[in-house]
Each structure stands twice: as structure tokens, then as C-alpha cells.
Amino acid sequence: GGGGSAGGGATTRWVAKAHLTDARKAVSCLEFAPRHLGLKLATGSADGTVRIYEAIDVMNLNHWPISGTIDAEPSGGGGGGSGGGG
């Protein structure tokens, strides 16, 4: 008697609570902080920035203001020549 995906079973449903729109390029990683540090997460994006967000009110997960940023060197450097910084 095989299973299937219809009916009961332990399926996980993810529900979007917030949209983090600060990154200017693709986000390639996201990590939550350990529980003892509060409800925080960090995102790393192709624009070379790590952004740290914190949910101030754990009962309202729609609002994740930035609590800090870190400018990082994007990986895969070298080559191209079309960066032209400031």
C-alpha cells in the first residue's frame, strides 16, 4: 500500500509573512540567528552587502526592520572589468 501526496500526512506549508526588498541584486543566502540572540536573520546578496534584520515584535512578523549592514567583497572577484567603482 503505497503513499501519495493526497490526504493527511506531514506536509510543511510555508506562509509569506514579509518581503525584504532592500537588496539591489539577487540574495544568495539567508540564515537565522541562534534563538538566544532574538528573532534575527541575515541575508547575503550579490550586491556585496550582508543585511541583518530583526523582528521587533514576535507577534507581528510582517515587520523586519534592518538592524545593521556589513559591506562585504562579493565572491568570484577578478575578471570582467565592468565594475567601475567610485
Side-chain angles (χ1 to χ4, degrees):
S5 59
T11 47
T12 301
R13 287 212 116 125
W14 293 94
V15 177
K17 293 288 187 180
H19 294 274
L20 308 176
T21 59
D22 301 294
R24 301 294 172 243
K25 294 188 178 179
V27 172
S28 58
C29 58
L30 181 143
E31 290 289 332
F32 281 92
R35 180 169 280 169
H36 69 275
L37 294 177
L39 193 50
K40 296 181 181 181
L41 61 87
T43 63
S45 65
D47 64 5
T49 304
V50 174
R51 291 173 179 84
I52 301 166
Y53 298 87
E54 181 174 12
I56 304 300
D57 179 4
V58 297
M59 299 305 290
N60 178 13
L61 297 179
N62 297 321
H63 187 59
W64 289 76
I66 289 181
S67 64
T69 59
I70 301 167
D71 290 327
E73 183 70 25
S75 62
S82 62

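We're numbering straight along the sequence, starting at 1.
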Measuring from atom [atom1] of [X] to atom [atom2] of [Y], what distance do you get when rounded to the nearest 0.5 angstrom?
{"X": "Asp47", "Y": "Ser28", "atom1": "CG", "atom2": "OG", "value": "9.5 Å"}
{"X": "Thr43", "Y": "Tyr53", "atom1": "OG1", "atom2": "OH", "value": "4.5 Å"}
{"X": "Ile56", "Y": "His63", "atom1": "CD1", "atom2": "NE2", "value": "7.0 Å"}

- Query: Would Leu41 end up clustered with Ile66 when hydrophobic side chains under 4.5 Å apart are linked, directly or stepwise?
  - Reply: yes
- Task: Treat each ILVMFWY residue as a node, draw an edge where side-chain heavy atoms are under 4.5 Å apart, and state whether Leu30 and Leu39 are in one component.
- Result: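 Yes.
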What closest approach, in Å, do [X] and [Y] show between heavy atoms, and which atom pair accounts for it?
{"X": "Arg51", "Y": "Arg24", "value": "NH2-N, 4.4 Å"}
{"X": "Gly38", "Y": "Ala33", "value": "O-CB, 4.5 Å"}
{"X": "Ala55", "Y": "Leu61", "value": "CB-CD2, 4.0 Å"}
{"X": "Ala18", "Y": "Asn62", "value": "CB-O, 3.7 Å"}

- Query: Under a single-linkage rule joining Ile, Leu, Val, Met, Phe, Trp and Tyr whose side-chain heavy atoms are separated by less than 4.5 Å, which residues share a cluster with Val15?
  - Reply: none
- Query: With clusters built from Ile, Leu, Val, Met, Phe, Trp and Tyr whose side-chain heavy atoms come within less than 4.5 Å, directly or transitively, what are the remaining members of the cluster of Ile70, listed by chain and number?
  - Reply: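 Result for Ile70 is Val50, Ile52.
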- Give the intermediate values and the outcome of side chain to side chain contact (heavy atoms under 4.5 Å, CB included) for residues Asp22 and Thr69. CA-CA 11 Å; Asp22 301 294; Thr69 59; over 6 Å; no
- Message: Under the rule for side-chain contact (heavy atoms from CB on, under 4.5 Å), what residues qualify as partners of Asp71, not counting sequence neighbours?
- Response: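 Here the qualifying residues are Thr49.
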